[in-house]
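Here is the structure we will look at.
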Amino acid sequence: MAETASQDPAALSYEQARDELVQVVSRLEQGGITLEESLQLWERGEALAARCEEWLLGARQRLEAARQGGSVEAASGADA
């Protein structure tokens with residue numbers, strides 16, 4: 001986590017953000033850290049979760065565009 005923790009979440013791939021988020025949640029669940037550390041981990045987790053959501057939204061939009069494009073092609077191919 002040390003190498004990605006300093007990276008801007010916007011620069012992370014979906015997999016990197018997801019993996020680091022899992023580590024953050026695990027660390028929070030383990031406890032034994034100060035309140036300040038907990039707050040920093042929480043904030044990092046929020047940023048990572050938002051990044052994952054951006055990736056998933058983008059993937060959903062690409063799938064919808066592909067489906068709509070496929071439907072248009074299938075319909076125009078049937079008319080030809």
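For this chain, numbers begin at 1 and follow the sequence in order.
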query = Is Leu39 isolated, or which residues cluster with it under the ILVMFWY side-chain rule of less than 4.5 Å, directly or via members?
reply = Leu35
request  = Taking side chain to side chain donor-acceptor pair (under 3.5 Å) as the test, write out the residues that go with Glu43, two or more places apart.
outcome  = none
inquiry  = Just to verify, what does Glu54 make a salt bridge (charged side-chain N to carboxylate O under 4.0 Å, His left out) with, not counting sequence neighbours?
reply    = Arg51
key: Contacts of Glu15 that satisfy side chain to side chain contact (heavy atoms under 4.5 Å, CB included) - sequence neighbours left out   = Ser13, Arg18
note = Nearest heavy-atom approach of Leu41 to Val24 is O-CG1, 3.2 Å
ask   = Who passes side chain to side chain contact (heavy atoms under 4.5 Å, CB included) against Val25, sequence neighbours left out?
value = Leu21, Glu29
Partner residues of Ser26 under the side chain to side chain contact (heavy atoms under 4.5 Å, CB included) criterion, sequence neighbours left out = Gln30
task = Check which hydrophobic residues are tied to Leu57 through side-chain heavy-atom contacts below 4.5 Å, counting indirect links as well, and list them.
result = none
key: side chain to side chain donor-acceptor pair (under 3.5 Å) involving Gln61 - partner list, sequence neighbours excluded   = none
query = Trp55: which other cluster members, linking ILVMFWY side chains closer than 4.5 Å, directly or transitively?
reply = Tyr14, Leu56
task = Check whether Val22 and Leu28 end up in the same hydrophobic cluster, where Ile, Leu, Val, Met, Phe, Trp and Tyr are linked by side-chain heavy atoms less than 4.5 Å apart.
result = no
ask   = Is the closest side-chain heavy-atom distance between Arg44 and Glu20 below 4.5 Å?
value = yes
